[in-house]
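Every chain is numbered from 1, with letters handed out A, B, ... down the list of sequences. Values below: all heavy atoms of this structure, side chains included; hydrogens, waters and symmetry mates excluded.
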Protein chains: 2
Amino acid sequence: MAASLPPDTKPEVDAIVETIIYLYTESRRLTKGLAAQFGLTGPQLTVIKLLQELGDLSLSSLSERIRAQNSTVTGIIDRMEREGLVKRERSTTDRRVVYIRLSEKGQKLAREIQVEPMEIFRSALTDLSQSDLEHLLRVLTKLQKRVVSHVEGRVSEAQGAPRAGEEEDKP
Amino acid sequence: MAASLPPDTKPEVDAIVETIIYLYTESRRLTKGLAAQFGLTGPQLTVIKLLQELGDLSLSSLSERIRAQNSTVTGIIDRMEREGLVKRERSTTDRRVVYIRLSEKGQKLAREIQVEPMEIFRSALTDLSQSDLEHLLRVLTKLQKRVVSHVEGRVSEAQGAPRAGEEEDKP
DNA sequence: CACGGATGTTTCGTGTACGAAATATTCGCG
DNA sequence: CGCGAATATTTCGTACACGAAACATCCGTG
């Protein structure tokens, strides 16, 4: 594990983590409830709106978009195909690739549904002032950069090299 | 319904939602990897550290703490009990209640593990300046308030934000 | 004391979610 | 041309995660 940092944990950190978890899980739960009104699950709603917006997508680009593994998306598409919401179409140029396409029923449903995934979170955000929004995005982006560098710097898990260049920042 | 999206969508909103999703899911994934080094899953790591910190907990207070349903926690505890990490102890005063207690093995493991759940996210946060932390928490708390009021079914004196969807739930 | 409702936990069915291995196909390079 | 590496998808096994229903126990009121 990364060199354990001194336990001078600031009180805000716990609260922030708690709040992020709350916002994420609760928004997800509410989205799920909304999706259920159309006979869909949360991920299915996400897929339908994504395909409506972007058109046909290969399974792997779809999974990249929704940040899930291919194997997970295979299952989601299986069930959606079973419900007649999407169709699988083998690419003619590269027969390894499968494109996912909304069926008529899927397109109809997509038009009926006016909400985006994580809608509650989005609508809460739009109520913030512009400066709050900008500041929030700026700080979150900083955080993301640090996490990204952590992810990419951790490719080799060869224990015993605690010099993981922890300070990265650019002008 | 030609216009699928309301025009009031600010560009920052999408980016913020994306980033929050990234931070949450990626931190979760990394925590999972850390837990795996001890032969645990992510939720199991959370439970062990929680029990170490707070002592025995009933199943329902445990599920409240980790924001999961009782039925979910039942499964987690089942598997942890199977691994000999925790024990179930029926309360003597109220025999409906089950207390979850760390076994010797569980306590030993808890002491070995130095990381908190969502550790990567936490450590990225502690690197922020104090003013960034405070501002972040302030804005997130605002957001949480709005989501909470949504959850509780009342948009009390909001700034005239129209509701996107109608859900019915008990008061 | 009894009974009906409230509370705590488990069971059940379905749907994610992941990683590793299997399968299918394409491509690079000699 | 051919073969092994690379890429795309599926299969498999396990672990969440949720809601509804079943089950167990407690409690208040008559």
Tell me the closest heavy-atom pair linking Y99(B) and S91(B), and the distance in Å.
CE1-CB, 3.6 Å
E26(B) CD to R67(A) CZ distance, which is reported to the nearest 0.5 Å
7.5 Å
K32(B) NZ to dA17(D) C1': how many Å, rounded?
13 Å
Looking at R82(B), does any N or O in its side chain come under 4.0 Å of the phosphate oxygens OP1/OP2 on dA15(D)?
yes
In whole angstroms, the gap separating C1' of dA17(C) from CD of Q44(B) amounts to 15 Å
I'd like to know if K108(A) and E112(A) make a salt bridge, using a cut-off of under 4.0 Å between side-chain N and carboxylate O.
yes
Tell me which of T74(A) and R29(A) sits closer to the 5' end of DNA chain D, going by the nucleotide each one is nearest to.
T74(A)
Of the non-hydrogen atoms in M80(B) and Q44(B), which two are nearest, and what is the gap between them?
CG-CG, 3.6 Å
Should S60(A) be listed as having a side-chain N or O under 4.0 Å from OP1 or OP2 of dT9(D)?
yes
Q69(B) side chain near dA17(D) phosphate (N/O to OP1/OP2, under 4.0 Å)
no
Among residues 88-100 of chain B, which residues get a heavy atom nearer than 4.0 Å to DNA chain C?
R88(B), R96(B), V97(B), V98(B)
Side-chain donor or acceptor of K49(A) paired with backbone N/O of I113(A) under 3.5 Å
yes
Expected output: side-chain T46(B) to main-chain P117(B) donor-acceptor under 3.5 Å:
no
The residue, E83(A) or N70(B), whose nearest nucleotide of DNA chain C is more 5′ is N70(B)
In whole angstroms, how far is the C1' atom of dC18(C) from the CD1 atom of I66(A)?
13 Å
Between dG8(C) atom P and I77(B) atom CD1, what is the distance in whole Å?
17 Å
Compare side-chain N and O positions of R79(B) against OP1 and OP2 of dT14(D) and report whether any pair is under 4.0 Å apart.
no
When the distance from CD of E64(B) to C1' of dG8(C) is rounded to whole Å, what number comes out?
13 Å
Can you name the nearest heavy-atom pair linking L40(B) to L45(B), along with the distance?
CD1-CA, 4.2 Å
In whole angstrom, what separates L30(B)'s CG from dG19(C)'s P?
11 Å
Show me the dot-bracket string of DNA chain D, counting Watson-Crick or G-U pairs under 3.5 Å, with | for pairs to another strand and [ ] for crossing ones.
||||||||||||||||||||||||||||||
K87(B)/E81(B) under salt bridge (Lys or Arg N to Asp or Glu O under 4.0 Å): CA gap, chis, key distance, verdict:
CA-CA 6 Å; K87(B) 280 179 299 188; E81(B) 202 173 20; over 6 Å; no
Would you say T72(A) reaches dC18(C)'s phosphate, i.e. side-chain N/O to OP1/OP2 under 4.0 Å?
yes
Mutual orientation of the aromatic rings belonging to Y24(B) and Y24(A) [parallel < 30°, tilted 30-60°, perpendicular > 60°]:
parallel
Examine dA17(D): is either OP1 or OP2 under 4.0 Å from a nitrogen or oxygen in the side chain of S71(B)? Give yes or no.
no
Ion pair present between D132(B) and R138(A), side-chain N to carboxylate O less than 4.0 angstrom?
no
Looking at S58(B) and dG8(C), is any side-chain donor or acceptor paired with a base atom of the opposite kind under 3.5 Å?
no
Would you mind reading off the distance between D78(B) atom CG and dC12(C) atom C1', rounded to a whole angstrom?
13 Å
Starting at CD of E81(A) and ending at C1' of dT9(D), how long is that distance when rounded to a whole Å?
13 Å
